[in-house]
J.: 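Below: one structure in structure tokens.
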Amino acid sequence: MPKKRSGGGLTTTQQAAKFLGVAALSGAVLAGIALPAAGALGLAAKGTVEGFDEIPSNLKTPPLSQRTTILDNEGDMIATVYSRDRTVVPLKDISPYMQDAIVAIEDSRFYEHGAVDLKGILRAMNRNVQEGGAAQGASTLTQQYVKNVFVEEAGDDPDKVAEATQQTLGRKVRELKYAIQVEEELGKKKILENYLNITFFGQQAYGIEAASQRYFSKHAKDLTLEEAAMLAGLVQSPTRYDPVNDSQEATKRRNTVLQRMAAVGNISQDEADKAIAAPLKLKVKQPKNGCITAVEGSGFFCDYVRKTILTDPAFGKTDEERTKLWNLGGLTIRTTLSPRAQEAANEASTLKVNKTDKIAASVVQVQPGTGKILSMGQSRPYGLDQKKHETVLNLAVSNKMGGSTYGFQVGSTFKPITAAAALEKGVSPAQTFSTDWKMSVPKNKYTNCSGAQGGGDWSVQNELEEEKGTWDMTSALGKSINTYFALLEQKAGLCETVTMAKKVGYERGDSKQLVEEPAITLGSEVSTPLSMAATYAAFANRGTYCTPIAIQSIKDANGKKVPVPKSTCTSAMSEKTADTINAMLKGVVEDGTGTLAGLSDRDNAGKTGTTEERRDAWFVGYTPNLSTAVWVGSDGAKKVPMYNITIGGQYYDKVCGGCLPGPIWRTAMTGALEASETPSFNPVVLPRGKEKKEEEKGRDKGRGNENGGAGDDGKPDPIGGITFPPGVIGGNDGGGRGGNGP
């Protein structure tokens with residue numbers, strides 16, 4: 001074992017050996033720099049540069065990860081997000097005290113030497129040998145900057161960070177060569193500016209502006225002498241000298257910087273003494289990052305914007321490219337979010353559903369004709385604290401965009417799509433069907449888009465036994481008659497109905513293809529509130545469907561426009577068909593199942609919907625200038641039947657689309673449309689068929705056939721409208737269930 005001196009240091013022999021080793025290494029490094037490019041290739045280890053003319057462009061203008069700012073459609077901030085908290089500022093916006101302090105403590109001869117400080121290297125070698133270790137480094141500020149660029153590019157990848165900081169001859173030679181060229185091409189001032197913007201100052205703060213805000217809640221240009229000295233002292237070891245966790249160590253380090261500034265002539269000794277006597281006077285600002293900090297309950301919308309950038313090919317061909325764009329940040333994203341609509345959605349979603357309930361509510365609004373998403377609200381707040389009933393599950397959107405696994409069955413809100421398919425095929429609104437309250441339909445009467453027909457029978461029934469007789473299309477929509485729509489789909493065609501659904505943007509929450517089963521007309525297929533709002537917006541827009549969008553424009557850190565995906569608008573049906581649907585759905589809110597939702601001051605239309613055992617309840621409706629979808633149901637793994645249940649402090653014997661989602665919809669629409677224009681639907685004359693219906697019994701006529709209540713036996717109906725043979729339709733809760741209620 002090597003012998004040590006009594007004081008624990010190295011022996012004279014070991015000191016000499018260490019000196020020779022360091023000298024040899026330094027000589028090799030300097031030789032590698034001095035040799036011509038061809039000679040350097042033979043000396044340097046693998047990975048060194050091939051020549052002085054191949055400096056990476058990133059060293060000139062490093063792609064520094066910065067904050068991204070997300071704005072609403074009026075230009076006000078929604079949230080700031082970042083992988084690294086940094087705001088790049090020019091040198092003129094950095095306090096002269098800060099500039100002097102960082103140079104004094106990190107490289108006091110910065111303005112005197114070139115990229116490599118030979119005098120500093122020799123001094124460090126001598127000091128290190130005397131101390132028996134690495135007591136003093138010799139990297140110039142320019143060399144530190146070069147290394148920081150490579151560390152920045154490595155991001156949070158530990159392997160890449162290790163590669164960027166590995167202590168090898170090859171890396172050192174490469175670093176020194178790049179430093180020489182950086183000095184030649186950028187000059188001292190620009191290097192100092194880049195260095196101060198790239199350096200890590202602890203407490204999640206990257207760059208001097210973020211550090212100044214974090215520790216002193218002020219801009220970098222306003223830093224005082226003692227503040228600048230403290231920040232400059234952090235660079236050597238942000239953890240050790242962290243003033244938040246160890247003010248004593250931070251103060252000692254600050255004072256060292258101040259003494260160094262006096263020694264090199266930046267300040268007088270008197271100035272240094274006064275600053276040393278001053279307390280730290282921190283004014284710490286806690287970092288706020290991500291959609292969890294979004295204002296006005298817009299966290300879910302903010303997260304949808306993030307997901308859009310991470311998934312849309314418009315922002316990069318690969319996941320890696322899109323992730324790099326997001327993490328690099330520095331973006332200013334102008335979104336489609338309307339502050340007024342968002343406020344209304346927040347109020348509506350929490351009006352009748354509490355965050356502590358087993359049941360949750362989702363509200364989403366889309367502008368017809370543009371596809372702009374104006375709001376996303378939920379009864380549970382956005383966040384990660386489950387004890388506070390927070391969630392990051394966005395119930396309004398697909399699984400790919402942060403939503404539930406499958407979406408939710410939509411019940412009778414699908415029926416207008418079947419009606420549109422029938423009208424497009426030439427079926428008149430006066431078309432009548434006479435049925436009992438329940439019936440069995442042969443599946444071979446339905447042909448899917450592959451030309452195949454089903455086998456066996458499909459059992460269909462209405463909400464109440466009294467619902468038997470003859471209806472036309474208008475009354476069947478208004479009263480949500482299941483048996484009518486089973487026969488209307490047969491006349492329109494199953495394939496045509498599915499095709500119409502695709503044209504108006506009806507999509508599953510799991511992004512899979514729609515299941516072409518007859519029960520789709522009653523809402524057996526899963527979808528999302530956003531998809532439903534966009535679908536109904538096509539009716540409001542006289543038959544033209546526009547893909548929903550959340551982003552209007554993006555600028556990068558340099559103010560350059562970044563291309564964003566635009567809404568694509570396509571004709572899904574004729575204007576006459578859409579106008580007819582609008583006229584029929586006006587009846588739903590005027591005297592049908594949606595009377596509790598209807599607006600009194602403007603044209604509006606909509607449709608209610610519930611699913612088997614009232615596991616999901618919907619109201620989707622619109623005016624010519626706004627479409628809103630409201631869903632109420634379980635947001636957990638287990639779907640809760642909404643019978644004999646208290647929600648928002650109110651008891652329901654059975655939840656219905658008109659009695660819970662309907663009033664929520666009305667609140668959202670009223671708030672969002674306050675003081676806005678009141679356009680009308682295009683007027684049409686609805687041909688009517690001759691109807692024969694038995695007298696309605698045991699029903700609250702003012703609330704329609706979907707309103708909660710008991711059957712003739714005084715008990716809630718167990719199935720709410722329709723049954724399916726086991727395994728016919730797969731649902732989001734294990735299969736065998738289909739949409740059924742009005």
Side-chain angles (χ1 to χ4, degrees), residues 62 64-67 82 84-89 91 93-108 110 134-137 139-149 151-152 161 165 191-264 266-267 272 275-287 289:
L64 302 179
S65 177
Q66 299 184 61
R67 288 187 176 201
Y82 51 82
R84 293 188 173 179
D85 185 10
R86 176 189 282 118
T87 300
V88 175
V89 291
L91 196 62
D93 288 336
I94 300 174
S95 166
Y97 286 127
M98 188 66 223
Q99 298 178 42
D100 289 341
I102 199 71
V103 170
I105 196 64
E106 289 298 317
D107 184 3
S108 61
F110 175 62
Q136 190 177 93
S139 291
T140 64
L141 194 144
T142 305
Q143 289 172 257
Q144 293 181 46
Y145 164 66
V146 170
K147 182 174 71 175
N148 281 343
V149 170
V151 171
E152 177 76 16
V161 171
T165 57
I191 291 171
L192 180 59
E193 176 185 300
N194 288 358
Y195 178 85
L196 285 169
N197 278 304
I198 200 172
T199 299
F200 180 53
F201 288 88
Q203 290 285 326
Q204 302 179 42
Y206 289 82
I208 188 57
E209 178 67 16
S212 184
Q213 292 287 352
R214 180 75 77 256
Y215 296 107
F216 299 110
S217 299
K218 61 169 58 175
H219 292 295
K221 65 181 179 180
D222 299 322
L223 289 169
T224 64
L225 171 59
E226 52 268 29
E227 291 168 347
M230 193 212 77
L231 292 178
L234 284 174
V235 173
Q236 185 182 86
S237 180
T239 303
R240 178 180 175 183
Y241 301 122
D242 183 352
V244 177
N245 296 316
D246 195 334
S247 60
Q248 188 174 357
E249 278 295 307
T251 301
K252 287 181 180 179
R253 179 62 178 169
R254 179 202 67 175
N255 295 345
T256 298
V257 175
L258 289 167
Q259 280 295 111
R260 184 61 180 164
M261 293 178 72
V264 298
N266 294 135
I267 57 176
I276 288 172
L280 289 182
K281 293 183 181 179
L282 297 179
K283 190 177 180 182
V284 179
K285 182 186 294 183
Q286 293 301 319
N289 179 30

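What you see is a predicted model; the values in this text were computed from it and never measured.
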J.: To the nearest 0.5 Å, tell me how far Leu234 CG sits from Tyr215 OH.
T.: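 Taking CG in Leu234 and OH in Tyr215, the distance rounds to 5.0 Å.
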
J.: Please enumerate all residues that pass ring-ring contact (aromatic ring centres under 6.0 Å, His included) together with Tyr97, with sequence neighbours excluded.
T.: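 Expected list: none.
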
J.: Within this structure, what is the CD1-CD distance for the pair Ile191 and Gln143, rounded to the nearest 0.5 Å?
T.: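 Going from CD1 on Ile191 over to CD on Gln143, the span is 11.0 Å.
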
J.: What pairs with Ser237 under side chain to side chain contact (heavy atoms under 4.5 Å, CB included), at least two apart in sequence or on another chain?
T.: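 With neighbours one apart ignored, the set is Arg240, Tyr241.
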
J.: Tell me which pairs pass side chain to side chain donor-acceptor pair (under 3.5 Å) where either residue lies in residues 191-203, with sequence neighbours left out.
T.: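 Only Gln144-Tyr195, Tyr145-Asn194, Lys190-Glu193, Gln203-Asp242 qualify under side chain to side chain donor-acceptor pair (under 3.5 Å).
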
J.: Could you pull out all residues at least two apart from Lys252 that satisfy side chain to side chain contact (heavy atoms under 4.5 Å, CB included)?
T.: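 With sequence neighbours excluded, Lys252 shows a side chain to side chain contact (heavy atoms under 4.5 Å, CB included) to Gln248, Glu249, given in chain and number order.
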
J.: Please round to the nearest 0.5 Å and tell me the distance separating atom CG of Asn266 and atom CG of Asp100.
T.: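 Separation between the atoms: 4.0 Å.
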
J.: Nearest 0.5 Å, what's the NZ-CD1 distance between Lys147 and Ile198?
T.: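 Here the interatomic distance stands at 11.5 Å.
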
J.: Nearest 0.5 Å, please: how far is CD1 in Ile276 from CG in Asn255?
T.: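 Going from the CG atom of Asn255 to the CD1 atom of Ile276 covers 4.5 Å.
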
J.: Can you give me the closest heavy-atom contact between Ile208 and Met98, atom names plus distance?
T.: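 Result for this residue pair: CD1-SD, 3.6 Å.
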
J.: Going by the rule side chain to side chain contact (heavy atoms under 4.5 Å, CB included), which residues pair with Ala272 if we only count those two or more places apart in sequence or in a different chain?
T.: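 Residues passing side chain to side chain contact (heavy atoms under 4.5 Å, CB included) with Ala272: Gln259, Ala262, Ile267, Gln269.
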
J.: Does Thr87 reach the side chain of Gln213, with side-chain heavy atoms less than 4.5 Å apart?
T.: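 No; the side chains remain at least 4.5 Å from each other.
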
J.: Atom CD1 of Ile94 and atom CD of Gln99: how far apart are they, to the nearest 0.5 Å?
T.: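 The distance works out to 6.0 Å.
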
J.: Kindly state each residue pair satisfying salt bridge (Lys or Arg N to Asp or Glu O under 4.0 Å) with at least one member in residues 219-232, sequence neighbours excluded.
T.: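 Qualifying pairs, neighbours excluded: Lys218-Glu227.
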
J.: Using a strict cut-off of less than 4.0 Å between a Lys/Arg side-chain nitrogen and an Asp/Glu carboxylate oxygen, indicate whether Arg67 and Glu209 qualify as a salt bridge.
T.: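 No, this pair does not count.
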
J.: Side-chain contact test, heavy atoms from C-beta onward, threshold under 4.5 Å: evaluate it for Ile105 versus Arg253 and give yes or no.
T.: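 Contact flag for Ile105/Arg253 side chains = yes.
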
J.: Do Phe216 and Met230 come close enough that some side-chain heavy atom pair is under 4.5 Å?
T.: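 They are in side-chain contact.
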
J.: Side chains of Ile102 and Leu192: closer than 4.5 Å at any heavy-atom pair?
T.: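 When only atoms from C-beta onward are counted, Leu192 and Ile102 do touch, with a gap below 4.5 Å.
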
